[in-house]
Amino acid sequence: MGDSMMYRLGELSICILLWLVAVRLAALLLSFGFAFRKLAIQQRQSFRNWARTFLHEFFATLLAFTFLIPFKHFFAPHRKANHSEPETVVLLVHGLLSNSGVWWLFSHRVKASLAGQYKNLSIDSVDLRAPFASLDSYVKVLDRRVNIIRQNENVEIILVGHSMGGLVCRSWLSTNNRTDVKQLITIGTPHQGSQCATPFSAANLKQMRPSSVWLKNLPTKPSIKTTAIYSVHDNLVVPFTSGFCDTFNSVQLTGTGHLGLLFDRVVVSKVTDILSAQN
């Protein structure tokens, strides 16, 4: 009887796992299909390149939602409280339906690439709790985290935001023009909204619709150096031109999906190049 029960539980676990994988595959196929239709013919990938982009995004999604996000306490980068010594803190701000665990690989690669270039470099992250709250509530969360970091009076802060996190950073900067925040880097951020948000009624998704009142009220001229890294083949920032503003520095990539940007070595290289130039 015990063996039979274990066998049944094993079958059930496999069925649940396969169902979750199937749902994830279906969602990605829908998002890539929608994004593909919005691209000009010359911007569309060959089937082989599209399959590579899709698989990279799929495996990034599996890694993030199976391990990094559920077990964020093991994976999230957090700065150790310091501190009287001069310090540079890279503060990572995640996107929608995510948490600080998603930055695990990105933070390790950035720190390894910048080893020896900064005297005292820390990488920190913040959790924007309540997945469908308004962006303004996330700004308050970010403000609290920045104020904790500022307890070290000799600190310089660099903000890095993925997706929705980039908008939260921009909104925070619009009312916090402080000299200790040196620059902002956004990765896959829908600066002009995304058509993927249009069908949904959650507070933050409504604010991320193209031409939303919230986006219109967001200053387009940055108060600090701002760089937008975006991908032509982003499956959630649609159209991809929403990933930058004319008033920002911009880095255009190809062949990378939305979440996959955080697992792409080219993105890490671009970020570390920007940070190296500042130092």
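Just so you know, residue 1 is the first one in the sequence shown, and it goes up from there.
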Please set out all donor-acceptor pairs under 3.5 angstrom arising from side-chain atoms of residues 56-75, sequence neighbours excluded.
from : atom 1 : to   : atom 2 : distance (Å)
E57  : OE1    : H258 : N      : 3.2
E57  : OE1    : L259 : N      : 3.3
E57  : OE1    : G260 : N      : 2.7
E57  : OE2    : L259 : N      : 2.9
T61  : OG1    : E57  : O      : 2.7
T66  : OG1    : L62  : O      : 2.7
K72  : NZ     : D127 : OD2    : 3.0

Compute whether any side-chain donor of one residue and acceptor of the other, for Q207 and S212, lie under 3.5 angstrom apart.
-> no
By side chain to side chain donor-acceptor pair (under 3.5 Å) - contacts of Q192 (at least two apart) | none
Working to the nearest 0.5 Å, report the span between CE of M208 and OG1 of T189.
-> 10.0 Å
If you group Ile, Leu, Val, Met, Phe, Trp and Tyr by side-chain heavy-atom gaps below 4.5 Å, do V267 and V232 land in one group?
-> no
With Y138, which residues qualify under ring-ring contact (aromatic ring centres under 6.0 Å, His included), at least two apart?
-> none
Which atom of W50 lies closest to which atom of L29, heavy atoms considered | CH2-CD2, 3.9 Å
First locate atom CD1 of I158, then atom OG of S122, and finally report the distance between them rounded to the nearest 0.5 Å.
-> 11.0 Å
Contacts of R150 that satisfy salt bridge (charged side-chain N to carboxylate O under 4.0 Å, His left out) - sequence neighbours left out | D180
Spatial distance of atom OG (S201) from atom CG (L205) [nearest 0.5 Å] | 8.5 Å
Joint hydrophobic cluster, L262 plus L159, side-chain heavy atoms closer than 4.5 Å = no
Would you please test N120 and T88 for side chain to side chain contact (heavy atoms under 4.5 Å, CB included) and show each step?
-> CA-CA 6 Å; N120 189 9; T88 300; over 6 Å; no
Out of curiosity, L218 CG to C245 SG, how far, rounded to the nearest 0.5 Å?
-> 8.0 Å
Taking only residues two or more places apart in sequence or in another chain, which ones pass side chain to side chain donor-acceptor pair (under 3.5 Å) with H162?
-> none
Quick one: closest heavy-atom pair of Q195 and P239, and the distance?
-> NE2-CD, 3.7 Å
Under the salt bridge (charged side-chain N to carboxylate O under 4.0 Å, His left out) test, residues paired with R145 that sit two or more places apart = D124
When hydrophobic residues are tied together by side-chain contacts of less than 4.5 Å, even through go-betweens, does I123 share a cluster with V89?
-> no
Among the clusters formed by ILVMFWY side chains lying less than 4.5 Å apart, do L135 and L173 turn up in the same one?
-> yes
For T186 and G166, work out which heavy atoms get closest and say how close.
-> CG2-CA, 3.9 Å
Among all residues two or more places apart in sequence or in another chain, which pass the side-chain contact (heavy atoms from CB on, under 4.5 Å) test with S46?
-> R48, N49
Any residue meeting side chain to side chain donor-acceptor pair (under 3.5 Å) with T179, in chain and number order, not counting sequence neighbours = none
Min side-chain heavy-atom separation V126-V141 under 4.5 Å | yes
Give every residue pair that meets the ring-ring contact (aromatic ring centres under 6.0 Å, His included) criterion with at least one member in residues 169-225, sequence neighbours excluded.
-> H191-F248
S231 and G255 have their tightest heavy-atom pair at OG-N, 4.2 Å
Any idea which heavy atoms bring H78 and S100 closest together, and the distance?
-> NE2-OG, 4.2 Å
N235 and F54: CA distance, side-chain angles, deciding distance, side chain to side chain contact (heavy atoms under 4.5 Å, CB included) verdict | CA-CA 9 Å; N235 55 305; F54 179 84; over 6 Å; no
Are the side chains of N249 and K225 in touch, meaning some heavy atoms are under 4.5 Å apart?
-> yes
Once you round to the nearest 0.5 Å, how far does OG1 of T254 lie from CZ of F240?
-> 10.5 Å
Going only through I, L, V, M, F, W and Y residues with side-chain contacts under 4.5 Å, is there a path from I187 to V102?
-> yes
Using residues 108-116 as the side-chain source, report each donor-acceptor pair under 3.5 Å to any protein atom, sequence neighbours left out, with the distance given to one decimal.
from : atom 1 : to   : atom 2 : distance (Å)
H108 : NE2    : W104 : NE1    : 3.4
R109 : NH1    : F263 : O      : 3.1
S113 : OG     : R109 : O      : 2.9

Begin with the C-alpha distance, continue with both residues' side-chain angles, and end with the deciding distance and a verdict on side chain to side chain contact (heavy atoms under 4.5 Å, CB included) for I185 and V90.
-> CA-CA 10 Å; I185 302 171; V90 179; over 6 Å; no
Between Q183 and T227, is any side-chain donor less than 3.5 angstrom from a side-chain acceptor?
-> no
From F34 CZ over to S194 OG, what is the distance, rounded to the nearest 0.5 angstrom?
-> 7.5 Å
Answer yes when E87 and R79 have at least one side-chain N-carboxylate O distance shorter than 4.0 Å, and no when they do not.
-> yes
Does S242 reach the main-chain N or O of P190 with its side chain, forming a donor-acceptor pair under 3.5 Å?
-> no
Output every pair passing ring-ring contact (aromatic ring centres under 6.0 Å, His included) with a member in residues 215-234, not counting sequence neighbours, ordered by first then second residue.
-> Y230-F244
Which atom of K270 lies closest to which atom of I229, heavy atoms considered = CB-CD1, 4.1 Å
For E156, the side chain to side chain donor-acceptor pair (under 3.5 Å) test, sequence neighbours excluded, returns none
Do V266 and T256 pass the side chain to side chain contact (heavy atoms under 4.5 Å, CB included) test, and can you show the C-alpha distance, the side-chain angles, and the key distance before you say yes or no?
-> CA-CA 10 Å; V266 175; T256 308; over 6 Å; no
